[in-house]
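Below is one structure, written out as structure tokens; comments come after it.
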Amino acid sequence: MFHASNQSDKPKYYALIEFPYPSGQGLHVGHPRSYTALDIVARKRRMQGYNVLYPIGWDAFGLPTENFAIKNHVHPKLVTAQNIARFKQQLLSLGISFDWFREINTTDPQYYKWTQWIFLKLFEHGLAYKKEMAVNWCTSCKCVLANEEVVNGGCERCGSEVVRKTKSQWMLKITEYAQRLIDDLELVDYPDRVKAQQRNWIGRSTGVQAKFATTAGDTVEIYTTRPDTMYGATYMVISPEHPLLKVWQDKLSNIEEILAYQEAASKKSDFERTEVAKEKTGVELKGVRAINPLTQKEIPIFVSDYVLVSYGTGAIMAVPGHDTRDWEFAKKFHLPIVEVVKGGNVEQEPFTENQNGTMVNSDILNGLTVAEAKKKITAYLEEKGIGYAKVNFKLRDWVFSRQRYWGEPIPIVHCDQCGHVAVPLEQLPLELPEVDSYEPTDNGESPLAKMTEWVNTVCPKCGGPARRETDTMPQWAGSSWYFLRYMDPHNQEALASPQALQYWAPVDWYNGGMEHTTLHLLYSRFWNKFLYDVGIAASKEPYAKRTSHGMILGENGEKMSKSRGNVVNPDDIIREYGADTMRLYEMFIGDFEKAAPWSTASIKGCRRFLERFWNLQELMTAEEELSPQLESAFHRAVKKIGEDVETLKFNTAIAALMALLNDIYDCGAVTKGELRLFTVLLNLFAPHICEEVWERAQLGDGMVCRQQWPAYDESKCIDKTIEIAVQVCGKVRCRLEVAADIDAAHAIAAAKASEKIAAELAGKQIVKEIYVPGKLVNIVAK
RNA sequence: GCCUGAGUGGCGGAAUUGGUAGACGCACAGGACUUAAAAUCCUGCGAGAUUCAACCCUCGUGCCGGUUCAAGUCCGGCCUUAGGCACCA
């Protein structure tokens, strides 16, 4: 019924919500908050003459389905199909104007064929690579997690402990796009908090990478954001995993102690390692020392787990006078602390302030400000060949392998002769084979590894024996490009036709949850940028505008969950109050962008409002015009509702409709023209009842949702008379009814003429008279 | 520690650029209708003092201070709280 065409004379509008994961629990009351909001926008755009694309689909790969399948010995395909059927029926009952002709499903081979195709493109461009590395391993899911999926050292999904494990993994080089992912935030309209969170996650820092010579005759590279403090570097720290330890092992007299420390560090979980309040530990290397390139002094080298191997060079110069961690470490190990920036007392506490401060004890830098010193020393280090300016990011490459069944197979073949070879494009989709058991294997491999017939294949390159990759892709794969598939969902030849991609891109308005800011939102921006670079996606950024809805909490103000017993089932609400009431309530519940507690008691108000609207039919007169008493109220309402929908203020838009309805009841009658206009306005929020009233009261041809969005007349938004406040010295003393177009002189005169004000001013001298048009008069008197 | 937000009645929440604080709704109280209840309709509903009653008055948007004729809104300093990041050099 709401079918978007890829060819139209109308301007296009692409509204998008995050497609749901069809879980076994069915729709959550949180889903409709987002869907109804953009449904309102989509409906308004259609009425405003746009060709609107508002699609829906299913992000259906994932662990809960797989776990359910394991437990109940059913194929996840079947579980998925059942869940989708339930979700679909629930969404249909809400009357969301999705384009169901474009429904997609990430687990459909015709869909994941293109997910695999994109992976091979990434592989072809060197952005997908396999690497032996320490990864985050969820002990409960028996699966590798991306950094983005680890929350407080626990699994984002199940909360279980995450440990480090060395495994060979497929990685995606998202770091290649780090700078552009930051820069291009300038091109899009996202909430500041979303942009800030993404920048924070990517974590750009500027500094210097420099070489420190050692007494072993080689060098250690360090990274620092404070090259200005290099004269104060009194020791050096390398991470326990640093490769130089192996190189130096024969020279180190305390190698046993170091290896023991290394061993202990490797056993710690992520959670333990990143615990903040932890006391610093470490071991000094006996036998190798470094040389501060500026002071030429020999300084000790320590190994400590407060330096991470995965960031920078895995080694730092330690400046205890001006870094909190170095200071703590120096105090514990009684290392010298040298002040190089004046302003604090470095014996008492580190002086980390880097705005104001003058360099001291720093030879060529003495007397400079920190900023000047940074510039000068960077140039100096470059000139001497000691170091160079370098930008670093906290963002790591994306661990893309999962050792699970229910995901897209990674279309790669391992050949002893040719290495990693792409499955030829014409063999896509590489479908998931049937397996007997979906359980991961004991050694942490995917259940696919047991499918020897499937695993053993021939190399596409040399024809020799080869093995298929048995890892699958993470759940994020399918959702990283789905907005492109919607543009042309049935295309067999390409992920979408160039014309469709050109026509619809970018998504004009994308609404979703804050929880996806550093996961899905970042991943899909990355994929879109890559696809843009290879000439497929038509816009640099996938989403022109992003908004975020707040969570709907339980009645007790806590997050809804089964264990808390505060879950509200949308089916129950729809059954008892109807879909329109449900939609209206979720939009009226509060500020759209903030979390709001559910209140079943408050729903009644929305239901009552709709009943009062329904009963207007009995008050309807045959007149077409707006009645003089209500004309300005209607014009104001059209204006307000139009504006509020654009700024996500659905709650006040509905309040305006309620106020307008109260005004109509005060008049005791409604003209046909008024009811028509009211129905048109309300139809965005409550489509079912409005279509019904539209037809029964014979308000017009066709359906309400096909009408034009009404215009308002600015000049008619104003009443003939208005009430202004009269203040004396800023305190309201009375209110006056005056003509709306009254000028300052007359307004002030009218104010003074009132008995109350005259009495108030008696015997006082007027100092100042202020008139704020349409608002108030303020008389200042002594 | 750093980065974002947010603190307003019994409750959810309103309040362009500083300009009548509490829109709209819920709950509650009183009344009408009814044999009765539900539903519906009408009225009231921040706190305090005063009054037979009403008007009027005083206070009031987390706390302290400031700017202004005028501050929920702007500035400075705190407190509390939610979300994100975090031994990131």
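Both backbone and side-chain heavy atoms feed into the values below; hydrogens, waters and symmetry mates do not. Convention: sequence-line order gives letters A, B, ...; per-chain numbering from 1.
- Put simply, A:K195 has no side-chain N or O that comes within less than 4.0 Å of OP1 or OP2 on B:G5.
- Across all strands shown, B:G5 forms a Watson-Crick or G-U wobble pair with B:U81, both key distances being under 3.5 Å.
- Between A:R193 and B:A6 there is no side-chain N or O to OP1 or OP2 distance below 4.0 Å.
- When both distances must be under 3.5 Å, the Watson-Crick or G-U wobble mate of B:U40 is B:A32.
- Within the 4.0 Å cut-off from OP1 or OP2 of B:A23, not a single side-chain nitrogen or oxygen of A:K640 is found.
- Relative ring orientation between A:Y306 and A:F329 is described as tilted, the plane-to-plane angle lying within the 30° to 60° band.
- Residue A:W201 has its side chain nearest to B:C85 when only B:C85, B:G12, B:C26 are considered.
- Counting non-hydrogen atoms under 4.0 angstrom, A:D326 reaches nothing in the nucleic acid.
- Side-chain proximity of A:F588 to the nucleotides B:A86, B:C24, B:U20 is greatest for B:C24.
- Considering only the side chain of A:R608, B:U40 comes nearest among B:U40, B:C87, B:G25.
- Residue A:M658 has its side chain nearest to B:C24 when only B:C57, B:C24, B:G12 are considered.
- Within the structure, a side-chain polar atom (N or O) of A:K649 is placed less than 4.0 Å from OP1 or OP2 of B:A15.
- Closest to the side chain of A:I770, out of B:G19, B:A15, B:C57, is B:G19.
- OP1 or OP2 of B:A89 lies within a sub-4.0 Å distance of a side-chain N or O belonging to A:Y311.
- An OP1 or OP2 oxygen of B:A89 is reached within less than 4.0 angstrom by no side-chain nitrogen or oxygen of A:K390.
- Note on A:N200: a base of the nucleic acid sits closer than 4.0 angstrom, heavy atoms only.
- Between B:G19 and A:N778, no contact under 4.0 Å exists linking OP1 or OP2 to a side-chain N or O.
- In this structure, A:E769 reaches neither bases nor backbone, as no heavy-atom distance under 4.0 Å exists between it and the strands shown.
- Using a 4.0 Å cut-off between a side-chain N of Lys or Arg and a carboxylate O of Asp or Glu, A:E643 and A:K649 do not qualify as a salt bridge.
- The residue among A:L395 and A:M514 whose nearest nucleotide of RNA chain B lies closer to the 5′ end is A:M514.
- The listed nucleotides are B:G84, B:G12, B:U20; the one nearest the side chain of A:E723 is B:U20.
- For B:A89, the OP1/OP2 oxygens have a side-chain nitrogen or oxygen of A:S205 closer than 4.0 Å.
- Note on A:R612: only backbone sugar-phosphate atoms sit closer than 4.0 angstrom, heavy atoms only; bases stay farther off.
- Within the structure, a side-chain polar atom (N or O) of A:N662 is placed less than 4.0 Å from OP1 or OP2 of B:G25.
- Of the options A:W614, A:F685, A:F613, A:Y665, a ring pair (Phe, Tyr, Trp, His ring centres under 6.0 Å) to A:F678 is made by A:F613 and by none of the others.
- With respect to the salt-bridge test (charged N to carboxylate O, under 4.0 angstrom), the residues A:E18 and A:R546 qualify.
- Counting to the nearest Å, the P atom of B:A39 and the CZ atom of A:R607 are 13 Å from each other.
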